[in-house]
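Below: one structure, written as structure tokens.
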There are 2 protein chains.
Amino acid sequence: MTARGITEPAFLVLTALADEARHGYGIVGEVERLSGGRIRMPVGTLYGVLDRLSGDGLVELDREEVQQGRLRRYYRLTEAGAGALDAEAARLAANVRAARERLRARGLARHRPAWEGGGPA
Amino acid sequence: MTARGITEPAFLVLTALADEARHGYGIVGEVERLSGGRIRMPVGTLYGVLDRLSGDGLVELDREEVQQGRLRRYYRLTEAGAGALDAEAARLAANVRAARERLRARGLARHRPAWEGGGPA
DNA sequence: CTGATATATATCGGTGGCCGATATATAGTG
DNA sequence: CACTATATATCGGCCACCGATATATATCAG
């Protein structure tokens with residue numbers, strides 16, 4: 001692998017579908033909800049992501065409903081999708097851990113008292 | 001914000017520079033090391049990332065050295081860079097938390113015993 | 001000496017994902 | 001009648017990624 005696993009929009013869609021099947025517009029709302037309102041998913045992004053995830057077998061069509069004259073197309077996570085989400089979560093968690101370790105080391109270095117000595121010379 | 005903060009390659013470069021200044025090739029090795037050998041950073045990616053991070057004031061040139069006839073250009077993290085890395089780590093951690101919560105909920109649903117009732121019909 | 005490998009820099013162009021804009025349709029509201 | 005909300009979908013510009021390529025020095029094998 002190079003640097004990238006699945007993309008962040010894809011990760012968020014998988015997350016939104018992890019607990020139950022949702023339709024497109026519902027995913028948009030769920031992503032906004034689960035991020036505490038910090039992340040909005042543009043619909044122009046959503047359908048491309050959904051197509052790619054479908055092609056990779058990570059999500060699949062669950063059912064179609066008509067609510068008040070409007071079509072709702074529901075998607076659900078596959079087992080492979082759940083596995084991919086879990087694996088990506090582990091990958092990201094490892095990145096976060098590494099960053100925080102080093103950030104902590106940096107903080108310590110910048111606060112290191114003079115008597116611990118050494119210095120650049 | 002839409003979905004994306006800083007990119008993953010940028011995140012990894014910032015992480016590699018968090019504890020001490022490093023030169024390009026050294027960053028490549030450090031990313032591989034801190035990821036346990038799972039992530040390799042292509043040099044074609046590195047310099048673009050470094051340029052962008054410099055432009056955003058998240059990293060800056062530390063010094064230049066000549067070791068055995070080869071030029072080494074060292075970069076260091078700025079305060080803004082440390083802040084950006086910390087913020088992005090928090091963002092990713094929140095994503096991971098959300099994914100794992102829902103994944104756990106899904107697992108529970110799929111193992112729910114029959115006597116809890118309902119079911120599809 | 002020649003070729004291959006490792007270190008070290010940098011550029012370029014193809015590919016692909018993101019997302020704003022746009023289109024279509026129904027329902028409710030001012 | 002216009003506007004907003006819900007709901008679908010497509011298209012195209014932009015930009016980041018990264019493989020390929022180029023340049024240069026040091027070392028080692030044949």
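Residue numbers start from 1 in every chain, and the chains themselves are labelled A, B, ... in the order their sequence lines are given, proteins ahead of strands.
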Could you state the atom-to-atom distance from [atom1] of [X] to [atom2] of [N] in whole Å?
| X | N | atom1 | atom2 | result |
| --- | --- | --- | --- | --- |
| A:I27 | D:dA7 | CD1 | P | 12 Å |
| A:M41 | D:dT8 | CE | C1' | 16 Å |
| B:I6 | D:dC15 | CD1 | P | 18 Å |
| B:L61 | C:dT9 | CG | C1' | 13 Å |
| A:R40 | D:dT6 | CZ | P | 16 Å |
| B:E30 | C:dA8 | CD | P | 14 Å |

*Verdict with reasoning, A:L85 to B:L103, per side chain to side chain contact (heavy atoms under 4.5 Å, CB included)*: CA-CA 8 Å; A:L85 179 56; B:L103 235 22; 3.9 Å; yes
* Asked: Any sub-3.5 Å donor-acceptor pair from B:R38's side-chain atoms to B:S35's backbone N or O?
  -> yes
Is the side chain of A:T15 donor-acceptor paired with the backbone N or O of A:F11 at a distance under 3.5 Å, no angle test?
yes
Exercise. Does some side-chain heavy atom of B:R102 sit less than 4.5 Å from a side-chain heavy atom of A:L34?
Worked result: yes
Does some side-chain heavy atom of B:Y74 sit less than 4.5 Å from a side-chain heavy atom of B:L61?
no
message = A quick test of your reading: do over 12 heavy atoms of other residues, nucleotides or ligands sit less than 6.0 Å from CZ of B:R63?
response = yes
Look at the side-chain N and O atoms of [X] and state whether any lies under 4.0 Å from the OP1 or OP2 oxygen of [N].
| X | N | value |
| --- | --- | --- |
| A:T45 | C:dG17 | no |
| A:Y25 | D:dT8 | no |
| A:Y47 | D:dT8 | yes |

Kindly determine whether B:R22 and B:E30 satisfy salt bridge (Lys or Arg N to Asp or Glu O under 4.0 Å), including the steps that lead there. CA-CA 9 Å; B:R22 287 192 166 85; B:E30 185 63 15; 3.5 Å; yes
Item to complete: Go through B:R76 and B:E60 one step at a time and tell me if the salt bridge (Lys or Arg N to Asp or Glu O under 4.0 Å) criterion holds.
Response: CA-CA 6 Å; B:R76 87 170 82 93; B:E60 60 192 1; 2.6 Å; yes
**Asked** Which of residues 64-76 of chain A have a heavy atom under 4.0 Å from DNA chain D?
**Response**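 Listed by number, they are A:R70, A:L71, A:R72, A:R73.
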Taking for each residue the nucleotide of DNA chain D with the nearest heavy atom, is it B:V43 or A:L46 whose nucleotide lies nearer the 5' end?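 Checking each residue's closest nucleotide, the 5'-ward one belongs to A:L46.
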Within residues 48-60 of chain A, those residues having any heavy atom closer than 4.0 Å to DNA chain C are A:V49, A:R52
*Go through B:R73 and B:E64 one step at a time and tell me if the salt bridge (Lys or Arg N to Asp or Glu O under 4.0 Å) criterion holds.*
CA-CA 5 Å; B:R73 182 164 288 138; B:E64 288 182 343; 2.5 Å; yes
